[in-house]
Enquirer: 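Got a structure for you, written out below as structure tokens; questions coming shortly.
Computed from a prediction, not measured in an experiment: that's the story for all the values here. Just so it is clear, the values below take in all heavy atoms, side chains as well, and ignore hydrogens, waters and symmetry mates.
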Amino acid sequence: MCGIAGYRRFDGEAANRDHLVAMCDAILHRGPDSAGYLVEKGDAHGMRRLSIIDVAGSDQPLHTADGKLSIVYNGESYNFAEKRRELEAEGVVFHTDGDTETVLQLYARHGEACVQHLRGMYAFCILDRRRDKLFFARDRIGKKPLYYFFDGKIFIYGSELKSILVAMQRLGLARPEVNREAISIYMGYGYIPAPLTIFEGIKKLPPGHTLSLEKTSLRTTRYWQYSLEANEEMSEDQHLDAFRSALEDSVRMRLISDVPLGAYLSGGIDSSTVVGIMSRVSSTPVKTFSIGFEDASFDELPYARMVAEHLGTEHHEEVVRPDADEIIEDLVRHFDEPFADSSAIPTYYVSKMARRHVTCVLSGDGGDELFAGYSRYRANEAQGWLGTLPLPLRKVLFGMPARLLPAGAYGQGRLFNLALADDPRYIHQLTSGLADWHRELYRPEFAGDLKTTDPSGPFLNKMAEVADLDPIARKMFADFHLYLPADIMVKVDRMSMMVSLEARAPLLDHVVCEVAGRIPMSLKIKNGESKYLLKRLARQLVPSTAIDRKKQGFAVPVSRWFNEAWADRTDELLASVASAERGVFREDSIKRIKDEHRRGRRDHSQLMWSLMMLELWFRQYVDDKAYGN
């Protein structure tokens, strides 16, 4: 596990080692164990290493014996031993015991198709001197990040955006402008999906894509696509057996480590299932880590403890008192972009605790996306008979009155929601209604620079790709490509890497995802029970009490913070983000959002948190110009 960074010049100037070192030092937290640099002609490629496999060897950059190929690599390829044996049978001689050399040799044999042979999480760059080419790849799910910038003269890349900002400063390039479209999308969802970033000209390579740079020609290619094509021929038990087999294989592969390894354990279905399988296939007791809160409504420790005792794990737990003031500045800095998932806070705390005992953990991420676990997938049922009326009638009965009400009027959001078709209704829920009243949030001069401030586009476009699927499957497909990589994976990557901890997600092995994609929706939601088939598997491993309880989620009480301990801080941050100096938001709209929340008229906690995280980001990355000029 590492962080990578580098650049290539096309202007005839030589690369500078000091610039490369500075880029890698900016991501020291991703790899505190060692560093490596390659500088030749206009090329500079480097890495910071967190040693997990082949601790004593596999330092990077790695090169083929003939010197024609070099690689910097971030991630783990869990099937590398199998692929190594295949390559050795073809006569390849290996000089290290890690997975990085295997990836390099797969490229030597298969070229860009090497990614089809990999099973894991990764982002890497290969310098191919045979073709004077750079080749990049990002894993199928998007667990590992890769940012890049290209102006036709200089190409810059890095595991984190901060490395690119450092390079731009060192190379004398102008600091990029803030991407206004990205702000609009961020305010809708709390994150910025690929390929957008918060800065103009800097992009993210999307999950399941490769990037090839030959001379000044840049080409991105999709090499994997998640599919939800149900196999109706298999029985329920056959689907269960196939999924169990794939997940057991995935867990077993992720137990390969030369350093101490453990697991997050919330006591919920997903993490309990993963730890249950770990306990079955591991020869030693599993180390598990849980955090709890003084507020019982957010505390899952009793369930985690129950599962740990049942499985006989070496369990570690702590009750934490989240202090946003204490850590929020560091969180903003590590995310690089505005990011408004407040569950990053408990994720940081549990990662920090785990790192005191292990260097690598397994997580339960992915269960909700694969098995329709989110209650929002079935929000239409909450509308009752009103939601079953024909859409044209609902538009007249509910849509027209909603538009006649003043912005923010009580009940307006409910009326808008009732007037929407299924897909827009889902987006309305995801965006806290912003998809309808977005015009009221922004200053005219800001909105005038955009085609639209409506954040619906990414989700509508993604759901349109699978218009033939049923409504819940469309939502799952969109979440898999947007919410999962841009929120969940970013949160886990940044918060684990913040403390130099590697996190592995066996439920998000691409083979497991493909098996789950073939399971019919009738086995994901059955007789009103969500995650039906996954729960069947979980009940074979852990007590039913932990499986059948109400879903809690991994959260902190931000809504209450705004009105209590963080009230003054909230006022100050919202006043700043609304100021004319920022030029983005209307002051009256921000005031209304805050006042409605304070009076208990509406829960605006997500919007307020998004606004506050944006303001804190502005202060670090625009006002103070962190990591750049």
Enquirer: Quick one about Ser351 and Tyr264 (side-chain donor to acceptor, distance below 3.5 Å, no hydrogens or angles considered), yes or no?
Expert: yes

Enquirer: Does any N or O in the side chain of Thr197 come within less than 3.5 Å of the main-chain N or O of Phe199, such that one atom is a donor and the other an acceptor?
Expert: yes

Enquirer: How about Tyr627 and Asp336: does a side-chain donor come under 3.5 Å of a side-chain acceptor?
Expert: no

Enquirer: Hey, are Asp454 and Thr452 close enough side-chain-wise for a donor-acceptor pair under 3.5 Å?
Expert: no

Enquirer: Taking Lys491 for the side chain and Thr347 for the main chain, is one N or O donor matched with an acceptor at less than 3.5 Å?
Expert: no

Enquirer: Tell me whether Asp624 contacts the main-chain N or O of Ala626 through its side chain, where contact means a donor paired with an acceptor under 3.5 Å.
Expert: no

Enquirer: Is it true that Phe459 and Tyr189 have ring centroids separated by less than 6.0 Å?
Expert: yes

Enquirer: Has the side chain of Glu502 got a donor or acceptor atom that lies under 3.5 Å from a matching backbone atom of Val361?
Expert: no

Enquirer: Between Glu82 and Arg119, does the salt bridge (Lys or Arg N to Asp or Glu O under 4.0 Å) criterion hold? Intermediate values first, please.
Expert: CA-CA 11 Å; Glu82 171 194 346; Arg119 188 172 176 182; over 6 Å; no

Enquirer: Answer yes or no: is there a donor N or O on one side and an acceptor on the other, between the side chain of Asn461 and the main chain of Gly457, under 3.5 Å?
Expert: yes

Enquirer: Looking only at the side chains, is there a donor atom on one of Asp99 and Tyr78 sitting less than 3.5 Å from an acceptor on the other?
Expert: no

Enquirer: Does this structure show an ion pair linking Arg130 with Glu214, if we count only N-O contacts that are shorter than 4.0 Å?
Expert: no

Enquirer: Hey, are Arg333 and Glu329 close enough for a salt bridge, meaning a charged N less than 4.0 Å from a carboxylate O?
Expert: no

Enquirer: Going from OG on Ser77 to CG on Leu118, what distance comes out if it is rounded to the nearest 0.5 angstrom?
Expert: 4.5 Å

Enquirer: Give a yes or no on whether the backbone of Lys625 and the side-chain of Gln620 come within a donor-acceptor separation of less than 3.5 Å.
Expert: no

Enquirer: Does Phe477 offer a backbone N or O that forms a donor-acceptor pair with the side chain of His481 under 3.5 Å?
Expert: yes

Enquirer: What I want to check is whether the side chains of Arg129 and Ser70 have a donor and an acceptor closer together than 3.5 Å.
Expert: yes

Enquirer: Partners of Tyr348 by ring pair (Phe, Tyr, Trp, His ring centres under 6.0 Å), sequence neighbours excluded?
Expert: none

Enquirer: At what distance, to the nearest 0.5 angstrom, does CE of Met187 lie from OG1 of Thr453?
Expert: 11.0 Å

Enquirer: Tell me whether the count of non-hydrogen atoms from other residues, nucleotides or ligands lying under 6.0 Å of NZ in Lys203 goes above 12.
Expert: no

Enquirer: Would you call the rings of Tyr157 and Phe136 parallel, tilted or perpendicular, where under 30° means parallel and over 60° means perpendicular?
Expert: perpendicular

Enquirer: I'd like to know whether CD of Glu581 has more than 12 heavy-atom contacts from other residues, nucleotides or ligands below 6.0 angstrom.
Expert: no

Enquirer: Identify whether the distance between the nearest side-chain nitrogen and carboxylate oxygen of Asp151 and Lys153 falls below 4.0 Å.
Expert: no

Enquirer: For Phe155 together with Tyr7, are the ring centres under 6.0 Å from each other?
Expert: no

Enquirer: Has the side chain of Glu181 got a donor or acceptor atom that lies under 3.5 Å from a matching backbone atom of Ile198?
Expert: no

Enquirer: Are Arg140 and Tyr226 in a cation-pi setup, meaning NZ or CZ lies under 6.0 angstrom from the ring centre and within 45 degrees of the ring axis?
Expert: no

Enquirer: Any luck finding a side-chain donor-acceptor pair between His209 and Thr220 under 3.5 Å?
Expert: no

Enquirer: Does Glu445 CD have over 12 foreign heavy atoms under 6.0 Å away?
Expert: yes

Enquirer: Any chance NZ of Lys162 has more than 12 other-residue heavy atoms, nucleotides or ligands included, within less than 6.0 Å?
Expert: yes

Enquirer: Tell me whether the centres of the aromatic rings in Trp609 and Tyr186 are closer together than 6.0 Å.
Expert: no

Enquirer: Any side-chain donor paired with an acceptor under 3.5 Å for Thr96 and Glu101?
Expert: yes

Enquirer: Not counting sequence neighbours, which residues clear side chain to side chain donor-acceptor pair (under 3.5 Å) with Thr210? List them please.
Expert: none

Enquirer: With salt bridge (charged side-chain N to carboxylate O under 4.0 Å, His left out) as the test, pick out the partner of Asp493 among Lys144, Lys143, Arg138, Arg504.
Expert: Lys144

Enquirer: Can you list the residues that meet the salt bridge (charged side-chain N to carboxylate O under 4.0 Å, His left out) rule with Arg222, with sequence neighbours excluded?
Expert: none

Enquirer: Is Arg443 reaching over with its side chain to a backbone N or O of Phe585, donor-acceptor style, under 3.5 angstrom?
Expert: yes

Enquirer: Is any side-chain N of the basic residue among Lys68 and Asp128 closer than 4.0 Å to the acidic one's carboxylate O?
Expert: no

Enquirer: Would the distance check show the side chain of Arg355 and the main-chain N or O of Ser500 forming a donor-acceptor pair, the cut-off being under 3.5 Å?
Expert: yes

